[in-house]
2 protein chains.
Amino acid sequence: MVTIADVARHAGVAPSTVSYVLTGKRSISPQTRTKVRESIRLLGYHPHAGARALASSRANVVALVLPLRPGVHLPVLMRFVTAAVTTARRYDMDVLLVTADQGAQGLRRVAGSAQVDGFLVMDVELDDERVPLLRQMAQPSVLIGRPAAAKGLTCVDLDFEAAGARCVDHLADLGHRYIGFLGAPSVVYQRNTGYAQRTMAGFGAAAMRRGIASTAMPAEDDYESVLASVRSLLRTQPAMTALVVHNEAALGWIAGSLRALGRRVPDDVAVVAICPDELAEQMQLTSVQLPAEELGRQATELLVARLNGHPTAPLTLLPPKLSGRASTAPRLRRA
Amino acid sequence: MVTIADVARHAGVAPSTVSYVLTGKRSISPQTRTKVRESIRLLGYHPHAGARALASSRANVVALVLPLRPGVHLPVLMRFVTAAVTTARRYDMDVLLVTADQGAQGLRRVAGSAQVDGFLVMDVELDDERVPLLRQMAQPSVLIGRPAAAKGLTCVDLDFEAAGARCVDHLADLGHRYIGFLGAPSVVYQRNTGYAQRTMAGFGAAAMRRGIASTAMPAEDDYESVLASVRSLLRTQPAMTALVVHNEAALGWIAGSLRALGRRVPDDVAVVAICPDELAEQMQLTSVQLPAEELGRQATELLVARLNGHPTAPLTLLPPKLSGRASTAPRLRRA
DNA sequence: TCCGTGTGTTGAAGCGTTTCGACAACATTA
DNA sequence: TAATGTTGTCGAAACGCTTCAACACACGGA
């Protein structure tokens, strides 16, 4: 293995000088710098990560804590992962994978052994067992999602309340007066999942604000129950001309269910989804995006900032973005 | 930070003794061992990963090189990842994520800095640019899939030839004499993708062996072209009573296409898929499993074996397993 | 009694970095 | 001219662990 001493000898300088060239923590004359750089290139030198970690107490690795439990939408997850890895690499950091099944136990181990400098935690629940642990750890962490007690933590999330409201506003602007909401499976609400409840709340409040009648139903993820939920919505509110859907698994059956009940999209019923843009694009649905990449990138950047001692806002909420597509397109001229 | 010296002092022994208790590389008396263990617990000691890596030249981390490019089936990928992480943890190793977009460059960096002890490489192509690099690296690697030049490498793969053959045998045993094969999109074959070609080869050879007429078509992943492919198969071979499908994206449209062409599954046409078991279960298709977990586990175990200096077979082929389901179920009594 | 043998423990020397204080050499100011 | 910065480089001391050679001790056999 090529060591820093080899490089130093080859370049005719002291090892510390090589180190300073590498880290840039002291000024080095241009001549020396290029000389050292050349030696590094020639010898194919790579600093030993362990030695570096030991001496600097910085591993240049962040832990990515992934759920991997049933019910997570994998395409979204992977986009997040990609974004996190890419962003981390931009700051010369690597990513260590910690799966959630290792639990708090795993976090403690990884943190205790100084293997990582910080944590990126995905899929946080409202009262997550890991949250108290994260708070008392030496390493900083950034959470995707918002636990109930977010005090002292850094969180990144889509502003789901605003997302719910944005759907209503869009539809209201198009002239709709009776709007339905098709939500996640009811277990999700029972579990006290933050984003689902926040979306509902935002939707409801916006509807009230705009003087619009709203009706909401949960939906399971098979065709039969989607159909049942939609039927129930239409029965409750026969004048309904628009539907907001916050349920990725149900999306595929919405159009079919409506058609089965004699309504066409978008002529009889407009549809707005809250889902990854890719999915909406594929089905040509107007949608509020679930910006996985953006969340991943921002979370990683916040973590890096904290690692460098910069203060960060405790909560970063991404504003929702709506993309108009065919499922609400030609509604401007309605009564 | 609690160091090994703190533990040693607390337990009244030398630091080296603590180290030996931890690693088990020398015999330690039961009394001393429990005493040390107790101190470790009490003080909450975790060995510093960097220091350990430096001293032992073992990082206890394996790199997982993931594709993350379009076209990979994510559910399968994630199952593989989970299996790899879980298995690695069983051997006290962690997993560093390296995405393929970092390319050979990334491999070199990670390897050079001694950050990892070995590589787990997924989604290997027939002539992969990383293969020559892997061969000359100090750290061992295990590949999922088989490059053309596998010499000097350790590979794990499903025996796709046998999988193709297994489908034919199953159908032949049920009495089918005219069988169709619906493959991946044609680009996949153009790309020289190993598993696709091997499956085809196995299918064809088995059909010849059993004296069965076979017809094959590629299929793109939208409904229209699946329908077109199926129609083309039926036109070429009107007596066809069974179909082998090696195309995950097409699976959802098979039954529909057949119905559109006036054939019911399984009464008129039996269907066997080659895909993850979960998918097949969901659609009630007889299938040859794509054992993601098993591949991940085996690959990791092979890597660990190599790390410990044990010799390993250059190629591990998992035998295909067929699960009978409704799509071929009641065919035993056919003419 | 002395010698080998085996078992359990220790001290010290690394492992390859970073970083701190020191120190020349030179530039700036009083 | 002397005092005071500045800039670029160096030497050496950490960092926390593993591991090797060495040692103390108890044991059974000659």
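This one's a predicted model, so the numbers in the text were calculated from it and none came from an experiment. First the proteins, then the strands, lettered A, B, ... as listed; each starts at 1.
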J.: Write down the distance between CE (B:Met1) and P (D:dC15), rounded to a whole number of angstrom.
T.: 12 Å

J.: Is the phosphate of D:dT18, meaning OP1 or OP2, less than 4.0 Å from a side-chain N or O of B:Arg52?
T.: yes

J.: Mind checking side chain to side chain donor-acceptor pair (under 3.5 Å) for B:Ser29 and listing every partner two or more places apart, or none if nothing turns up?
T.: B:Thr32

J.: What distance separates B:Gln298 CD from B:Leu158 CG, expressed to the nearest 0.5 Å?
T.: 11.5 Å

J.: Output the residues of residues 33-47 of chain A in contact with DNA chain D, where contact means a heavy atom of the residue under 4.0 Å from an atom of the strand; sort by number or write none.
T.: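 None, since no heavy atom is under 4.0 Å.
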
J.: Using atom CD1 of B:Ile4 as one end and atom C1' of D:dT19 as the other, report the distance to the nearest whole Å.
T.: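 Nearest whole value for this atom pair: 11 Å.
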
J.: Give me the first and last nucleotide of DNA chain C, going 5' to 3', that has any atom under 4.0 Å from a heavy atom of chain B.
T.: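 The contacted stretch runs from C:dG8 to C:dG16.
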
J.: For residues A:Tyr20 and A:Val36, determine if any side-chain heavy atom of one lies less than 4.5 Å from a side-chain heavy atom of the other.
T.: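 Contact flag for A:Tyr20/A:Val36 side chains = no.
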
J.: With sequence neighbours excluded, give me every salt bridge (Lys or Arg N to Asp or Glu O under 4.0 Å) pair touching residues 13-22 of chain B.
T.: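 Matches after skipping sequence neighbours: none remain.
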
J.: My understanding is that only residues two or more places apart in sequence, or in another chain, count here; which of them pass salt bridge (Lys or Arg N to Asp or Glu O under 4.0 Å) with A:Arg108?
T.: none

J.: Toward the 5' end of DNA chain C, which comes first, B:Ala51 or B:Pro15, by nearest nucleotide?
T.: B:Pro15

J.: Under 4.0 Å, heavy atoms only, any strand: does B:Ser16 hit a base, just the sugar-phosphate, or nothing?
T.: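 If one applies the 4.0 Å heavy-atom cut-off, B:Ser16 turns out to touch a base.
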
J.: Considering every strand and a 4.0 Å limit on heavy-atom distances, what is the contact class for B:Ala14: base, sugar-phosphate, or nothing?
T.: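 It contacts sugar-phosphate atoms only.
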
J.: Taking atom P of D:dT18 as reference, at what distance in whole Å does atom NE2 of A:His48 sit?
T.: 13 Å

J.: Could you walk me through whether B:Leu133 and B:Phe119 pass the side chain to side chain contact (heavy atoms under 4.5 Å, CB included) check?
T.: CA-CA 12 Å; B:Leu133 182 60; B:Phe119 290 86; over 6 Å; no

J.: Give, ordered by number, those residues of residues 17-26 of chain A having at least one heavy-atom distance below 4.0 Å to an atom of DNA chain D; if nothing qualifies, reply none.
T.: A:Thr17, A:Tyr20, A:Arg26

J.: Identify all side-chain donor-acceptor contacts of residues 134-147 of chain A below 3.5 Å with residues at least two apart in sequence or on another chain.
T.:
residue  : atom : partner  : partner atom : Å
A:Arg135 : NE   : A:Lys151 : O            : 2.7
A:Arg135 : NH2  : A:Ala149 : O            : 2.8
A:Arg135 : NH2  : A:Lys151 : O            : 3.2
A:Gln139 : NE2  : A:Ala111 : O            : 2.9
A:Gln139 : NE2  : A:Val116 : O            : 3.3

J.: Does anything in residues 24-51 of chain B pair up under salt bridge (Lys or Arg N to Asp or Glu O under 4.0 Å), and if so which pairs, sequence neighbours excluded?
T.: B:Glu38-B:Arg41

J.: Rounded to the nearest angstrom, tell me the gap between atom CZ in A:Arg9 and atom P in D:dG11.
T.: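 Answer to the nearest Å: 13 Å.
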
J.: Could you work out, with side chain to side chain donor-acceptor pair (under 3.5 Å) as the rule, every residue matching B:Ser39, not counting sequence neighbours?
T.: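 Result, side chain to side chain donor-acceptor pair (under 3.5 Å) vs B:Ser39: B:His10.
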
J.: Atom CG of A:Leu64 and atom CG of B:Leu96: how far apart are they, to the nearest 0.5 Å?
T.: 11.0 Å

J.: The criterion is side chain to side chain donor-acceptor pair (under 3.5 Å); which residues satisfy it with B:Thr86, sequence neighbours excluded?
T.: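 So B:Thr86 forms no side chain to side chain donor-acceptor pair (under 3.5 Å) with any residue.
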
J.: If you fit an axis to the five pairs at each end of the helix from C:dT1-D:dA30 to C:dA30-D:dT1, how big is the angle between those two axes, to 10 degrees?
T.: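 Axis angle across the helix from C:dT1-D:dA30 to C:dA30-D:dT1, nearest 10°: 50°.
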
J.: Hey, could you give me each pair passing salt bridge (Lys or Arg N to Asp or Glu O under 4.0 Å) that has a residue in residues 76-100 of chain A? Not counting sequence neighbours.
T.: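 Sorted result for residues 76-100 of chain A: A:Arg79-A:Glu278, A:Arg79-A:Glu293, A:Arg89-A:Asp94, A:Arg90-A:Glu301, A:Asp94-B:Arg109.
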
J.: Mind checking if B:Thr32 touches a base, just sugar-phosphate, or nothing, with heavy atoms under 4.0 Å?
T.: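 Since only primed, P, OP1 and OP2 atoms lie under 4.0 Å of B:Thr32, the category is sugar-phosphate.
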
J.: What's the separation between atom CG in A:Leu120 and atom CZ in A:Phe80, rounded to the nearest 0.5 Å?
T.: 5.0 Å

J.: For a quick check of understanding: with a heavy-atom distance under 4.0 Å over all strands, which category does A:Ser56 fall into, base, sugar-phosphate or nothing?
T.: sugar-phosphate

J.: When you measure from the side chain of A:Asn308 to the backbone N and O of A:His310, does any donor-acceptor pair fall under 3.5 Å?
T.: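 Pair absent, no side-chain N/O of A:Asn308 close to backbone of A:His310.
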
